[in-house]
Amino acid sequence: MRAKGRRAIGIMGGTFDPIHFGHLVTAEASRAAFGLEQVIFIPSGNPPHKHDRVVTAAEYRYLMTVLATSTNPYFRVSRTEIDRVGPSYTVDTIEELRDALGPDALIYFITGADAVMELMTWNRPQEILTQCELIAATRPGYPPADFQRLRQAIPQVSAARVHTIEVPALAISSSDIRRRVASGEPIKYLVPETVEQYILKSSLYTRSTTAGGHGHGGLTEMWL
Ligand code: NAP
């Protein structure tokens, strides 16, 4: 599974609303399994597929991602999708990184298997499959039928570029954390302590913190 002789970089794409230990374990497990030099976390700025649901303002999600990753020397966080105007298309992010790294670098795009299943509905999916390898992270007990659907979702010619990794810590989910905070249940040990404190201090998931919608700007109050 390791990339030999070529620079290998991971891109960890997600909304991270909020980031949790499942994401961190996924990134670290992928780094170890695929010999990645570093993993760059890229919080979505303006997720094109989420216009039907409220997403926490990008600056909060970005800051939580910085707090969560700060102790791992292999992890970086990029603002590229947050600072980009317009929808956050993965293909633009991959092309930007490809320009910066050159044609020889191996780029691994890491995200949830359910998101990868929808890949062919994303903007310019064939270019994504040409420019990078994909790592689809699954939760424990991911049904065999879903693996089948995952395989069928990707054209046969590109199937070898899609890898799966099972991450037990992905039993944790962002939606469950949001629900827990809203109903006053604890989130300790589901997210790093710094993220837990930041969520409580900023009253995230208990009141509207979507001012300005997605992307940059628009916040009336924000604390670090
Ligand atoms: P999502 O649909 O909210 O998530 C689908 C599933 O994947 C959820 O169970 C989610 O769990 C999990 N997941 C998401 N990111 C993960 C990660 N990095 N590691 C492990 N599990 C992860 O997915 P999303 O977060 O909005 O999007 C995922 C990535 O795909 C982003 O980088 C996004 O920009 C990209 N994407 C691009 C396009 C496009 O270019 N048109 C369209 C769709 C998605 P949690 O909720 O617990 O995270």
Side-chain angles (χ1 to χ4, degrees), residues 10-31 33-34 36 39-56 58 61-62 64-65 68-69 75-84 86-97 107-129 131-132 134-143 146 149-150 153-154 162-181 187 190-191 195 199 205 214-215:
I11 297 183
M12 182 73 173
T15 306
F16 304 132
D17 191 15
I19 190 162
H20 52 67
F21 279 125
H23 298 130
L24 296 168
V25 172
T26 299
E28 183 62 11
S30 300
R31 187 188 72 74
F34 294 89
L36 308 180
V39 179
I40 307 169
F41 285 68
I42 306 195
S44 313
N46 183 357
H49 54 300
K50 293 218 160 145
H51 286 136
D52 56 339
R53 105 151 166 79
V54 174
V55 176
T56 305
R61 295 183 287 105
Y62 169 75
M64 288 190 281
T65 307
T69 55
F75 290 176
R76 303 271 181 278
V77 185
S78 165
R79 291 186 59 89
T80 188
E81 291 193 1
I82 291 174
D83 292 339
R84 191 185 301 148
S88 301
Y89 291 128
T90 297
V91 69
D92 296 333
T93 305
I94 305 272
E95 282 178 354
E96 201 177 285
L97 192 65
I107 299 174
Y108 287 82
F109 184 77
I110 311 160
T111 197
D114 289 343
V116 174
M117 204 110 76
E118 304 297 320
L119 177 81
M120 297 315 287
T121 67
W122 299 7
N123 197 27
R124 295 191 279 143
Q126 293 295 359
E127 277 162 75
I128 297 175
L129 287 165
Q131 291 290 336
C132 68
L134 284 150
I135 302 176
T138 64
R139 297 194 149 93
Y142 197 71
D146 283 2
R149 285 208 300 132
L150 181 61
I154 307 296
V162 182
H163 314 272
T164 54
I165 185 165
E166 191 184 272
V167 181
L170 277 178
I172 304 170
S173 77
S174 297
S175 56
D176 182 53
I177 291 168
R178 293 193 300 271
R179 185 199 58 75
R180 281 169 173 271
V181 175
I187 56 167
L190 300 177
V191 298
V195 173
I199 288 171
Y205 312 122
H214 311 98

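Remember, it's 1-based here, ligands and their atoms both numbered in the order they're listed. If you're wondering where the values come from, they're calculated on a predicted model, not measured in any experiment.
Looking at atom 24 (P) of ligand 1, its nearest protein heavy atom turns out to be Thr15 OG1, 3.4 Å. Among all protein heavy atoms, the one lying closest to atom 33 (C) of ligand 1 is Ser44 OG, 3.8 Å. The protein heavy atom nearest to atom 30 (O) of ligand 1 is Trp122 CH2, 3.2 Å. Here the protein heavy atom with the shortest distance to atom 1 (P) of ligand 1 is Lys50 NZ, 3.7 Å. For atom 19 (N) of ligand 1, the closest non-hydrogen atom of the protein is Met12 CE, 3.3 Å. Of the protein's non-hydrogen atoms, the one nearest atom 5 (C) of ligand 1 is Ala115 N, 3.9 Å. Protein heavy atom closest to atom 29 (C) of ligand 1, with residue, atom name and distance, is Thr111 OG1, 3.4 Å. From the protein, the heavy atom lying nearest to atom 40 (O) of ligand 1 is Thr90 N, 2.9 Å.
Ligand 1 is never approached by Pro47 to a heavy-atom distance shorter than 4.0 Å.
Taking a cut-off of under 4.0 Å to the non-hydrogen atoms of His49, the atoms of ligand 1 that pass are 24 (P), 26 (O), 27 (O), 42 (C), 43 (C), 44 (C). Each of the following atoms of ligand 1 lies closer than 4.0 Å to a heavy atom of Phe109: 32 (O). Remark: ligand 1 atoms within the under-4.0 Å shell around heavy atoms of His23 are 16 (C), 17 (C), 19 (N), 20 (C), 45 (P), 47 (O), 48 (O). Which parts of ligand 1 touch Asn123 is read off a 4.0 Å heavy-atom cut-off, strictly below it: atoms 41 (N). Short contacts between ligand 1 and Pro48, defined as distances under 4.0 Å to a heavy atom of the residue, involve ligand atoms 41 (N).
Arg84 and Thr93 share a side-chain donor-acceptor pair at under 3.5 Å. Tyr142 and Asp114 share a side-chain donor-acceptor pair at under 3.5 Å. Side-chain contact, Asp17 with Thr56: a donor N or O sits under 3.5 Å from an acceptor N or O.
Heavy-atom proximity to atom 9 (O) of ligand 1, evaluated over His20, Arg139, Glu118, Arg124, is greatest for Arg139. Across Ser175, Ser174, Gly112, heavy-atom proximity to atom 13 (N) of ligand 1 is greatest for Gly112. Atom 6 (C) of ligand 1 has its nearest heavy-atom neighbour, among Ile135, Asp114, Ile128, Leu170, in Asp114.
Considering backbone and side-chain N/O of Gly13, one or more are found under 3.5 Å from N/O of ligand 1. Checked against a 3.5 angstrom limit, the closest N/O atoms of Ser173 and ligand 1 fall outside it. Annotation: Ala113 places no N or O atom under 3.5 Å from an N or O atom of ligand 1; distance criterion only.
Between Leu134 atom CG and Ile94 atom CD1 the span is 7.5 Å, to the nearest 0.5 Å. For the atom pair OG1 of Thr111 and CD of Glu118, the computed distance is 12.0 Å after rounding to the nearest 0.5 Å. Rounding to the nearest 0.5 Å gives a distance of 12.5 Å between CZ of Phe41 and OG of Ser78.
With a 4.0 Å heavy-atom cut-off, ligand 1 is reached by no atom of Phe41.
Side-chain atoms of Ser44 never come within 3.5 Å of backbone atoms of Pro47 as a donor-acceptor pair (strictly under, hydrogens ignored). With hydrogens and angles disregarded, no donor-acceptor distance shorter than 3.5 Å links the side chain of Thr69 to the backbone of Phe75. A donor-acceptor pair under 3.5 Å is formed between the side chain of Ser88 and the backbone N or O of Asn46. Without hydrogens or angle criteria, Arg124 side chain to Asp92 main chain gives no donor-acceptor distance under 3.5 Å.
Taking the side chain as every heavy atom from C-beta outward, Val77 and Ile40 never approach each other to under 4.5 Å. Here the side chains of Ile19 and Val191 are not in contact, with every heavy-atom distance at 4.5 Å or above.
Between Tyr108 and Phe34, the ring-plane angle classifies as tilted under the 30° and 60° cut-offs.
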